Each structure stands twice: as structure tokens, then as C-alpha cells.
Number of protein chains: 2
Amino acid sequence: MSLAVPTLRSCADCPIRYNAVCSRCEPDELDQLEEIKYYRSYAAGQTIFFNGDPLEFVGSIVSGVSSLTRTLPDGRVQMVGLLLPGDFIGRPHRETIDCDVIAETDVMLCCFRRKPFEAVIENTPHVGQRLLEMTLDELDAAREWMLVLGRKTAREKIASLLHMIATRMASLKPGETAATTFTLPITRETMANYLGLTIETVSRQMSALKKDGLIAFDERRDIRVPDLEALKAETGEDA
Amino acid sequence: MSLAVPTLRSCADCPIRYNAVCSRCEPDELDQLEEIKYYRSYAAGQTIFFNGDPLEFVGSIVSGVSSLTRTLPDGRVQMVGLLLPGDFIGRPHRETIDCDVIAETDVMLCCFRRKPFEAVIENTPHVGQRLLEMTLDELDAAREWMLVLGRKTAREKIASLLHMIATRMASLKPGETAATTFTLPITRETMANYLGLTIETVSRQMSALKKDGLIAFDERRDIRVPDLEALKAETGEDA
DNA sequence: CGCCGAGTTGACTGAAGTCAAGTGTAGTGG
DNA sequence: CCACTACACTTGACTTCAGTCAACTCGGCG
């Protein structure tokens with residue numbers, strides 16, 4: 001399952017030191033975590049956990065993008081979470097995992113065996129407090145997404161996803177202003193599973209938004225948004 | 001806003017003593033909470049918080065049912081949470097609330113002003129640990145609901161909601177075996193808002209399930225489920 | 001008694017799904 | 001170097017499920 005494990009690194013120069021579950025830790029708490037941590041790597045497309053797997057470890061995404069999906073017996077798939085660097089996988093005091101966890105890109109995890117990690121939560125305040133805050137943020141995001149899934153049209157769903165990705169990308173390079181260009185990190189199928197649509201509908205709505213001048217692309221994954229506000233007006237969230 | 005406030009009661013004989021945010025508290029922790037708690041009552045239909053309101057208190061539902069909803073500018077509504085007795089309203093360290101909170105039935109809340117409650121979380125372990133566990137449960141429920149909203153048919157959505165309410169109600173009164181009879185705590189419109197459907201579709205699917213013998217009702221809100229397993233088979237979750 | 005709101009039912013419409021055929025690109029092996 | 005395959009994506013024709021609009025019942029209440 002794992003690829004080559006990277007050379008062990010110290011928490012001090014970890015890229016997610018200040019937004020992961022460990023971000024509030026005092027030095028002595030960090031020492032406790034450092035004792036039980038280890039790294040694992042996964043290639044794009046690999047499954048990190050299958051639904052029902054025993055939850056032997058929990059951990060943080062150090063780099064890459066991972067998705068949580070649930071599948072109905074007849075094969076219908078719904079993505080229920082998108083995990084970025086710093087996000088947490090697994091939950092304490094749960095014996096098994098109840099969705100598939102898939103590496104959408106190459107992923108590196110900082111793992112803790114579950115039982116020792118539960119002990120850390122019992123014994124130190126800051127890990128549990130940070131985990132509570134992160135879980136509340138995830139709950140807010142999930143509720144936002146329920147509105148998209150339950151009440152938006154296909155066109156609005158696509159516009160919402162593109163607008164979310166565009167603004168997130170734009171916030172990473174704050175020099176640029178109105179027009180934004182980015183490479184979609186996910187396939188049409190992944191978009192469809194996120195939005196509760198079929199790939200055909202995704203494709204048609206992408207073409208329609210292109211025809212209407214709201215987005216532009218030649219290479220299928222390289223998207224240009226000439227006017228972010230115009231795209232936002234298509235999400236249904238604007239008055 | 002508030003109706004007549006009930007006579008103050010002690011935590012010892014509180015109906016949600018063993019499943020609310022305080023359920024893990026040691027006697028001294030309970031004393032701390034008892035010092036800052038107060039009760040509020042709301043009539044069915046009242047709004048407890050409007051979207052954007054300052055979050056001055058948090059608290060537990062002692063009795064009744066409350067909903068969380070989000071609304072698009074053109075009026076489309078999506079319910080994003082259904083809170084039953086023991087469930088928690090509000091989140092620590094958040095200045096405002098980002099959805100509407102509505103009393104679906106008469107509701108009694110056990111409230112704590114937010115700032116003192118945050119202090120309790122900092123100073124005692126068991127409130128934060130229990131709140132983390134409850135929030136993780138809510139996140140699981142939200143993800144389960146994303147699958148319902150994104151991928152299920154109208155009939156499967158209705159069956160899923162009825163099955164969920166039947167099982168949750170059953171868990172609240174552990175004396176009865178398989179609670180196959182319950183009173184729907186919500187209107188058809190509320191059901192529609194929860195399921196991402198119209199009231200007409202809800203009504204039609206309720207009639208269809210009734211015709212197929214999966215549920216029975218004369219009074220529109222008093223539902224009898226003769227065979228919980230048969231209902232579950234209609235949710236799409238059974239193989 | 002008439003009004004109102006909750007709910008039901010019917011006729012029709014339309015948005016998204018299904019099925020099918022196609023393009024374009026990348027990789028593989030003879 | 002060119003088939004051959006595989007995969008991601010697009011497009012078209014048709015179907016269907018749920019939405020829209022409208023008429024109706026039922027019960028409660030001033």
C-alpha cells in the first residue's frame with residue numbers, strides 16, 4: 001500500500017505545523033506526539049482506507065488531496081469530504097471507518113496509531129481542543145455543501161465548484177486581481193461525484209459556461225475565469 | 001422571544017442528563033455548569049437564532065425538536081441539521097451564527113452564555129471531550145445526509161428520513177423494543193426542506209409508501225411503521 | 001359560516017439522467 | 001513508425017423523475 005516513506009522530518013519544519021491538529025501544542029505535548037508519529041505515502045488513485053476497515057491509525061494530510069466517498073450498494077457514489085493539507089483523517093474512539101478514503105493526488109500522511117493518540121487526547125488539552133475546532137469547521141463546510149446538493153441546479157453546482165476552486169487558488173497568489181487561471185485538480189468523474197451529477201451533465205454544463213464566456217479552456221483541465229464576479233452570479237448565492 | 005420559563009430544575013433529574021454535552025461531567029464540573037445555566041422556552045415556529053445573529057449563548061435541547069436551515073437569495077431553503085433532545089446548539093469561539101435555527105415544536109433549551117461556557121471548556125476536560133464526540137457524530141450524520149441529498153431518489157429520501165426518525169426516537173425511549181409508532185415532529189414543508197424536494201413530491205411519495213404498506217397513517221402526523229426492515233430496504237442502503 | 005393553512009392529487013413541463021456514438025490524447029507493443 | 005488499446009471527455013437523441021401550476025379536501029378557528 002505505502003510507497004517509499006520519506007526521510008523522517010521533525011515537526012519544527014513541517015509544512016502543516018501551524019494548521020494541523022498539532023498546531024496548538026506546547027513543546028511537551030509535541031514531544032508526546034512526535035514519539036508516536038510516523039509517515040506514510042500514497043500514489044494518486046490509491047485507496048487509503050476502504051469503508052469498514054479497522055481504524056488502526058489516524059493522522060494529518062501533510063501534502064496532496066484526498067477524498068472521502070460513500071457508495072450505495074448499487075454503485076451510486078457521493079463524495080462527502082475533500083481533505084487538503086492539514087486536514088485530519090479518522091476519528092478517535094471509533095473502531096472502523098465508514099467511508100472510502102482515496103488519494104486524489106500523491107499524498108503524504110503524518111500518522112498516529114489510534115490508541116496512543118486517544119491517550120494523548122485524554123492527557124493533554126490542546127490536541128482535543130484543536131480537533132474540536134477543526135471538526136466544527138468541517139461540519140460547517142458539510143452543511144454548506146448540503147445546500148449545494150439539495151437545492152442548486154446543475155449549472156449552479158458547477159459554477160459553485162469552479163468559483164470555490166478559483167477563489168482558493170486566487171488566495172494563494174494574491175498578486176493577480178480579476179482574471180484567474182488554474183488547473184483543475186480533479187477529473188470530470190470526481191467533479192460529478194462531488195456535485196451529485198453524472199459526468200455527461202458536468203460536461204454539458206462546462207461547455208455551456210464556456211459558450212457563455214464565463215470560463216475558457218482549450219486543454220480540458222486548464223481553466224481561465226475572465227470575471228470571477230460574473231461566475232459568482234451563476235452560483236445562485238448572489239442577490 | 002421566550003415563553004414562560006419553567007421552574008428551575010436540578011441537573012440530577014434532567015431528562016438529557018446522560019446524553020447531552022454534560023453527560024461525562026464529574027460532580028464538580030457539573031457544579032460549574034449549573035452555576036451558569038439558565039432555561040429558555042420557545043413555541044413551535046419561533047426562530048431561536050436568525051442567520052448572522054450574534055451568538056450570545058450556546059446550549060442543549062432539553063425537549064422538543066429544532067432545525068438548522070440555510071436559504072438562497074431567491075428563497076430556496078435547505079435544512080442542514082435536525083436537533084433532538086440532548087443535541088447542542090451553537091459553537092464555541094464563533095461570534096455569529098451562520099444559519100437559521102427554528103423551533104419545529106415547542107422547545108426548551110438549557111443555555112449557557114457563550115463566554116463562560118468557553119471558559120468551562122478550557123478548564124475542565126469532560127465537556128470538551130463530550131462536545132468533540134457529539135460534533136463528530138453530527139459530522140458523520142451530515143455526511144450520511146450528503147449521500148441522501150446527492151444520490152438518492154425521492155422515494156429513497158422519504159424512506160431514509162422516516163427510518164432515521166423512527167430509529168432516533170426509539171433510542172430516546174429505551175423501554176420500548178422496536179418503536180414502530182411515532183408522531184412526525186415536522187410538517188411536510190419541513191420534510192421537503194430537509195430532503196431537497198417539493199412538498200408535492202413529499203406528499204406523493206408518502207402516499208405511495210402508504211399504498212405499498214410500508215407505512216400507515218390516518219392522522220397525517222402519526223406514523224406507524226409495521227416493518228422497520230422493509231422500510232430500510234426502500235432507503236437504497238440495503239444490498 | 002367562511003377563511004386559512006396543511007396536505008393531497010392531477011395534468012403538464014422540463015431539467016437531468018440514460019444510452020450510444022463519437023473525438024482527442026497518451027501509452028504500448030509489434 | 002504505426003497500429004492498437006485505453007481512457008477522459010464531448011455531444012446527440014431520447015427518457016424519466018421530480019418540479020410547476022392548479023384544483024381540491026380536510027380540519028381548526030374566529
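Naming convention: chains lettered A, B, ... in sequence-line order (proteins, then strands); numbering from 1 in each chain. Because the structure is a prediction, the values reported are computed rather than measured.
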Describe the nucleic acid contact of Ser207(B) in one word from base, sugar-phosphate, nothing, applying a heavy-atom distance below 4.0 Å.
sugar-phosphate

Output the rounded distance in Å from CG (Asp218(A)) to P (dC9(D)).
15 Å

Between Arg151(A) (CZ) and dA16(C) (P), how many Å, whole number?
14 Å

Once you round it to whole Å, what is the distance between P of dG27(D) and CZ of Arg188(B)?
14 Å

To the nearest angstrom, how far is Ile158(A) atom CD1 from dA15(C) atom P?
16 Å

Side chains of Thr235(A) and Glu156(A): is there a donor and an acceptor less than 3.5 Å apart?
no

Nearest whole angstrom, please: distance from the P of dA15(C) to the NZ of Lys157(A).
14 Å

Is Arg70(A) salt-bridged to Asp140(B), going by a charged N under 4.0 Å from an acidic O?
no

Exam field: side chain Asp227(B) to backbone Glu229(B), donor-acceptor pair closer than 3.5 Å
yes

Which part of the nucleic acid, if any, lies within contact of Thr187(B), taking any heavy atom under 4.0 Å across all strands shown: a base, the sugar-phosphate backbone alone, or nothing?
sugar-phosphate

In whole angstrom, give the distance that lies between atom CZ of Arg204(A) and atom P of dC14(D).
13 Å

What is the distance, rounded to the nearest whole Å, between atom CE of Met191(B) and atom C1' of dG7(C)?
12 Å

d(CD, Glu104(B); P, dA6(C)) in whole Å:
12 Å

Does the ring center of Phe57(B) lie less than 6.0 Å from the ring center of Phe49(B)?
yes

Does the base of dC9(D) carry an N or O that pairs as donor and acceptor with the side chain of Glu200(A) under 3.5 Å?
no

Taking OP1 and OP2 of dG19(D), is either one under 4.0 Å from a side-chain nitrogen or oxygen of Thr201(B)?
yes

